[in-house]
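These notes are about the structure you will find just below.
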Number of protein chains: 2
Amino acid sequence: MENISQEDYLTAIFRNLDDVGEVKPNLLAEKLEISNAAVTDMLKKLSRDGFIDYKKYKSIKLTTDGESYAKNILRRHRIWEVFLYKTLGMSWDKIHDEAEKLEHSSSDELINLLEEFLDYPEVDPHGYPIPDKKGKIKDSKSVIAITELNKNESAKVVRVNDDVKNLLTYLTKIGINLGREIKIKDKLEFDGSILIKINGNDVNLSKKVASNIFVEKIK
Amino acid sequence: MENISQEDYLTAIFRNLDDVGEVKPNLLAEKLEISNAAVTDMLKKLSRDGFIDYKKYKSIKLTTDGESYAKNILRRHRIWEVFLYKTLGMSWDKIHDEAEKLEHSSSDELINLLEEFLDYPEVDPHGYPIPDKKGKIKDSKSVIAITELNKNESAKVVRVNDDVKNLLTYLTKIGINLGREIKIKDKLEFDGSILIKINGNDVNLSKKVASNIFVEKIK
DNA sequence: TTATAATTTTAAGTGCGCTTAAATCTATTA
DNA sequence: TAATAGATTTAAGCGCACTTAAAATTATAA
């Protein structure tokens, strides 16, 4: 395909699929920060090219082709992130944007060589699994959002959403990174915010933030 | 600037400057494999943006800005080439095209980190010097094209032009790579071709090929 | 259920980087 | 020097990826 924009749409679609595997154009427009009209335009092209199932005024689905394409770009993205973080020591909150550019500019051969050099990492620095050459993604059933935890439960942070603006910078500030243990001190009904204990400190997380931090329960 | 095309034009201009620091549009069109009309179009934009000095029907010069921009892209290109070749073991004849894509998709910060990781290489895998952060390029006065050697002179291959289609693949086939010693056996007048001895074999190089292989004399 | 709000699409228009064809300018050479 | 070849520019047009504004459709809530 060799088209940066189409690649961006496909990954945005894949990243934002709902529980039945669909996305609405409006959400895409928000995520990609472009107008709804532009989205409509591109959906026609993606549909024409066989990457999505699309009918006027309906939600979008990826075709088999579209899904494997999207996963291949995610693979590229995540492998680059590992390289930038582990090999070059680039900071947590910068690697996503940098990888976003590189993912469109690297051959499969390069990605495979990089993967080998990095010794076949399983997750990227934000905890997302790296699809293998065939597009297979290790599933992580036990991974849940902080919002799903109950009062007094303890858990370990295993993933943070790298696709939300400024989230990583904020998390770094309040001392959250992968591997950290947290405990739910309280869940506030009126705004959905959650009070957690981390590193001995009490921190209040808004619902939006909490829903983008993922953990595994500690028994 | 953030514009792939303009970056490609600037490097193409820099790479093809003549002895008085100028290029003709026609040469650019050939190198970039596009029409002359497209070149004219872009020259207007590059001029508008202050990267080149351009007057209708005249040759093109780089401005100070244009030159430092071009050198920065060359820097990115060559550092990526070192990484692809040395770290990942990608083959000699593939790294140029791969780096051509990466050079447009990497921040200065990334390039600086890469340079550090690679321990500040001075030349790329084809023997071209790597501009430093300030755009300074080590000059290599003693480097000359094979065509400048006389009969019976010996020399060491120190650079090959990576910007000529299929040249590297061809050179690999006939056993030429950096560090190799050659000796001029004969220079043929009628077509400018040159007979050299390399690895114990006699090889005839066309004028075009010979003019793109660079050496340092051995006394 | 119907008014209103939100979403989505269409329409018209823009800048970009290209194309081909024709016009214009410059260089070569007879 | 005048004809011609070659280089360059202009003109018109195209697909891309966007925009805003208006129209059409769907969802929501009174």
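Each chain gets a letter, A, B and so on, in the order its sequence line appears, and its residues count up from 1.
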Give a yes or no answer on whether the side chain of K185(A) reaches the backbone of N204(A) with a donor-acceptor pair at less than 3.5 Å. no
Rounded to whole angstroms, how far apart are CG on L32(A) and P on dC18(D)? 8 Å
Report the C-alpha distance between E115(B) and R75(B) in whole Å, list the side-chain angles of each, state the deciding distance to 0.1 Å, and finish with yes or no for salt bridge (charged side-chain N to carboxylate O under 4.0 Å, His left out). CA-CA 10 Å; E115(B) 183 185 34; R75(B) 170 176 158 80; 2.9 Å; yes
Applying ring-ring contact (aromatic ring centres under 6.0 Å, His included), can you list everything that pairs with Y128(A), at least two apart in sequence or on another chain? none
Each nucleotide in nucleotides 6-17 of chain C should get exactly one letter: B, S or -. Can you fill that in based on protein heavy atoms under 4.0 Å? -SBBBB----SB
What's the CG-P distance between L28(A) and dA17(D), to the nearest Å? 15 Å
Backbone N/O of L84(B) and side chain of T87(B): donor-acceptor pair under 3.5 Å: no
Run the salt bridge (Lys or Arg N to Asp or Glu O under 4.0 Å) test against D124(A) and tell me which residues pass, sequence neighbours left out. R78(A)
Please report the distance, rounded to the nearest Å, between CD in E22(B) and P in dT26(C). 15 Å
